[in-house]
Amino acid sequence: MMPPPNVTGVLHIGHALTFTLQDIITRYKRMDGYITLYQPGLDHAGIATQNIVEKQLLAQGIKKEDIGREAFIKKVWEWKEESGGKILTQMEALGITSAWSRTRFTMDLGLKSAVREAFVRWYDKGLIIQGDYMVNWCTHDGALSDIEVEYEEQHTFLYHLRYKIQGSDEVLVVATTRPETFFGDTAVMVHTQDSRYKHLIGKNVILPLLDKEIPIIGDDSVDMEFGTGVVKVTPAHDINDYEVGKRHHLPSVVVFDSRGILNELTGEFQGQERLKAREHIIKKLQSLNAIEKIEPYVNQVGKCYRCGNIIEPYISKQWFVKPEIAKGAIERVNNAESRFYPAQWLNNFNAWMRELRPWCISRQLWWGHRIPVWSCECGHTFASKNEVESICPKCQSQNLTQDPDVLDTWFSSGLWAFSTLGWGNGGLESDKYNPDDLELFYPNSLLITGFDILFFWVSRMLFSGESLIGELPFKDIYLHALVRDESGQKMSKSKGNVIDPIEMINQYGADSLRFCLAYLCAQGRDIRLSSAQLELSRNFANKLFNATQFLMMYLQQLGGKESLKYGFEDKEELMAYTTPLGRFAKSRLNLATKELREALDSYRFNDGASVLYRFLWGEFCDWCIEFAKAQKEAIFELGSVLKTALKLLHPYMPFISEELYHKLNASDLENTESIMIAPFPNDIAQDLDLEREFEVIKDCVVSLRRLKALVDLANKPIKKAYINPKSALKSYALGFIQKLARIECVEIQDSRVANCVVDVSDNVESYLPINEIDVEAITKRLTTQEAKIQKEITKLESMLGNKKFVDNAPQEVLHNTQNALNEAKQKIQKIQNEISIFRAV
């Protein structure tokens, strides 16, 4: 199930990671013969979408109330058809192969039916209730659930208010960050064991401006270290005070309305917006000597995740889902009916779900799923699956009123794992699903999404599926981490470090972006994305392109132009390969196949990418292509190996793998089948003896190249060299070694060769005769380099030995100086080792 992006949204880098991983596993399973469904869709994004259309109307001088609910909703649908869902087109640019013809929208007719079905079932079971509760309230967007509130640090003030004790000249000083709420105070509170104040418990104080008496109460919840140790109790406007009010049977006095406008209980401040009134209220209190002091204060303030308004705790009549709904899901998840990847997310899930509070599901909006509850003039209230109700089931009256609120957006997306498969759709929009979809695809095999919506979405799907169908919706749940910038900073517009995936696609290619994200995506670790890593992925793509061009050039040379019409023949089994190089390449391909399958089956996408990179670049392009220059007849088999390897690569890099596959196959996509439905390779047989032999050959080549570089002959052919391998080599091995090392004659020896420069590696000792080398010139050059580096070492050691420099230099400068010294010492050690080699000759 694709997490349905908001209809208002555009592709961001987090989306790109989520969709890339989903597409990789979908392409892999599709190629491997599975029936697959990768379900796309869009969320109606109630608050965000309504805000967009409201702003468009306001720009024309029109309020939504001017045109009414039905006309406004029509305007939203018009906007959705014209401008919504651009992200789907952007996803296509990323190469996403979801079932586009089955794209769902959370306001589709069928999904609206499923929402009513779920609501009524829970309502009838008593799991959905309505009541006056303290909720998170945005004065613009209405009620919000706990996880829709974002907290940020705010520099504000702590106001110390003076409340006179009744019948005394004494005062109690109360510290608050929200003085505008003092009109709603119904008590002041001290700790029951606070020696400063416990003798006052039971007395009253007088509220300034109002001359209203309120009691002094004792409660052990008071933090004696905060402020003065005396706190005001405002049950209607603070979540903690709300609980205190219930314990002490205090009245809840609401002092501003749903828009944050102060009411008649605030006297002369009536009609002012509560935050703007704060300054005026403080000035008035100061004029009455009711302010002890004002001091700077830093605290965490809740803000609306959509509009950024400061959230107010507010008592309001809302609809709630009771926490009991999650009980079955918690038990089943902990019985391993669903598994988290990485596994530690189970602890986070349990910590959240076991402390679950009632979920506020009503929103004061017009755009969304209207709550399917009707009230009759006879007093009867009922929920119905019907979109419109005309008769009261109790008294048959037609004078019915539907609840004006809509459901929280997450209510409908919480049903996504099965509503998109036809559950509760009532036969509507049946062209988008098949009758057996629920049986085929529920539970879903896998959910991939970001960890940041575990509580928003994943948990709600888990308890919705368990409650309504009796089975958890996912077997496996993979939660990936954040994509950060190269410095490890979280991306934000304010920091200017946001990476736009579409720009990255235009600059580097979709394949490079996909491969880079997957390569960096280790389970449980944040991704640090940089241009250098994207360039590395693009270079990888270029390397594959050049390797293909090389094979096609050799194919023409060996088989003539006619061979280009037929391309490379498929050779499925290891025994079908006749050349040593072909069999070696196929054996290594089979190892890559085995390792890639293991990685993908355990959702280790980064390990899979590493396997592909190692084989295709490190083994095939760097070695097999080079070896082919010495064994040209192996080209036909190498072409077959690369074709198979492109099938392995396809889930990660779909565009270039498709292009190169058809080039090697001498076919085109228009007239032949796509690589995306070719069988995924499954041959994992290896020829380990042959692989060990080629490891020795490679070691010989590297050793001889190292010797040539040592004597300044790296790019020049030489006549003679000797090798003493630690295991026997077949006759054809010398052909590879001589060609790749650019040595006319390489002789195998079984003992040390005199008068030679020597290189020793794990599998071979190599020798270059002294008569091939100008030893004196090389020794002179190395000695000059040694003296130059020694001078630099002396300078750096002197700096680090200078106490004044060490005490005053910035840490970064000290760090860089120490690193430079370490590098210089490594260089001089290498040069000294080389000098000793030549002096020993």
Side-chain angles (χ1 to χ4, degrees), residues 1-12 14-27 29-30 35-46 48-49 52 73 76-115 367-369 409-438 440-442 444-450 453 457 461 473-474 501-502 505 510 654 674 676-677:
M1 289 295 157
M2 176 189 295
N6 287 348
V7 69
T8 60
V10 294
L11 190 70
H12 59 61
H15 288 136
L17 173 60
T18 299
F19 299 147
T20 292
L21 299 183
Q22 292 173 344
D23 194 60
I24 287 171
I25 203 74
T26 301
R27 287 178 183 267
K29 290 296 184 180
R30 183 190 297 128
I35 300 172
T36 60
L37 172 60
Y38 179 9
Q39 177 63 54
L42 290 167
D43 190 276
H44 63 278
T49 305
I52 286 176
I73 290 174
V76 179
W77 276 108
E78 289 173 359
W79 174 86
K80 187 263 179 183
E81 296 303 321
E82 293 173 11
S83 306
K86 288 181 180 178
I87 191 172
L88 297 181
T89 302
Q90 294 174 325
M91 288 163 60
E92 291 176 353
L94 188 61
I96 303 306
T97 54
S98 56
W100 294 113
S101 65
R102 296 176 55 132
T103 300
R104 302 306 298 264
F105 181 49
T106 50
M107 291 290 286
D108 284 348
L109 289 175
L111 297 194
K112 288 173 78 173
S113 174
V115 165
W367 172 243
H369 294 278
T409 300
W410 296 102
F411 190 99
S412 51
S413 56
L415 311 178
W416 190 253
F418 45 93
S419 63
T420 52
L421 302 176
W423 181 91
N425 281 200
L428 300 169
E429 300 182 321
S430 58
D431 58 310
K432 298 207 174 182
Y433 58 87
N434 299 312
D436 55 351
D437 277 357
L438 205 58
L440 271 176
F441 298 116
Y442 192 90
N444 305 170
S445 302
L446 172 66
L447 175 71
I448 297 178
T449 191
I453 57 173
W457 188 51
M461 284 195 290
F474 314 107
I502 298 302
I505 289 171
S674 167
M676 79 165 70
I677 55 173

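Positions are given from 1, in the same order as the sequence printed here.
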So, for [X] and [Y], which heavy atoms are closest and what is the spacing to 0.1 Å?
| X | Y | value |
| --- | --- | --- |
| I453 | P3 | CD1-CB, 4.5 Å |
| L94 | T20 | CD2-OG1, 3.8 Å |
| W100 | E92 | CZ2-CG, 3.9 Å |
| G426 | S113 | N-OG, 3.9 Å |
| L42 | W416 | N-CH2, 4.1 Å |
| L447 | M461 | CD2-CE, 3.9 Å |

Can you list the residues that meet the side-chain contact (heavy atoms from CB on, under 4.5 Å) rule with H15, with sequence neighbours excluded?
->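 H15 satisfies side-chain contact (heavy atoms from CB on, under 4.5 Å) with P5, L11, H12, F19, I87 once adjacent residues are dropped.
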
Any donor-acceptor pair under 3.5 Å linking the side chain of [X] with the backbone of [Y]?
| X | Y | value |
| --- | --- | --- |
| W367 | H44 | yes |
| W457 | W410 | no |
| Q22 | Y38 | no |
| N6 | T8 | no |
| N425 | S419 | yes |

Taking the side chain as C-beta and beyond, is there a heavy-atom pair between [X] and [Y] under 4.5 Å?
| X | Y | answer |
| --- | --- | --- |
| V7 | D43 | no |
| L415 | L111 | no |
| T409 | H369 | no |
| M107 | K80 | no |
| I52 | W79 | yes |
| T26 | I96 | no |
| Q39 | S98 | no |
| Y433 | L421 | no |

Would you call D437 and K432 a salt bridge, taking side-chain N to carboxylate O under 4.0 Å as the test?
->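 Salt bridge absent between D437 and K432.
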
Tell me, please, which residues at least two apart from Y442 pass ring pair (Phe, Tyr, Trp, His ring centres under 6.0 Å).
->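 Ring pair (Phe, Tyr, Trp, His ring centres under 6.0 Å) check on Y442 returns F418.
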
Decide if atom CD1 of I35 counts as having more than 12 heavy atoms of other residues, nucleotides or ligands within a radius under 6.0 Å.
->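 No, because the 6.0 Å sphere around CD1 of I35 holds 12 heavy atoms or fewer from other groups.
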
Pairing residues for [X] by the salt bridge (charged side-chain N to carboxylate O under 4.0 Å, His left out) criterion, not counting sequence neighbours:
| X | result |
| --- | --- |
| D23 | R27, R514 |
| E78 | none |
| R30 | none |
| K29 | D601 |

Between [atom1] on residue [X] and [atom2] on residue [Y], distance to nearest 0.5 Å:
| X | Y | atom1 | atom2 | result |
| --- | --- | --- | --- | --- |
| F411 | T106 | CZ | OG1 | 12.5 Å |
| T89 | I502 | OG1 | CD1 | 9.5 Å |
| F105 | K112 | CZ | NZ | 10.0 Å |
| F441 | T420 | CZ | OG1 | 10.5 Å |

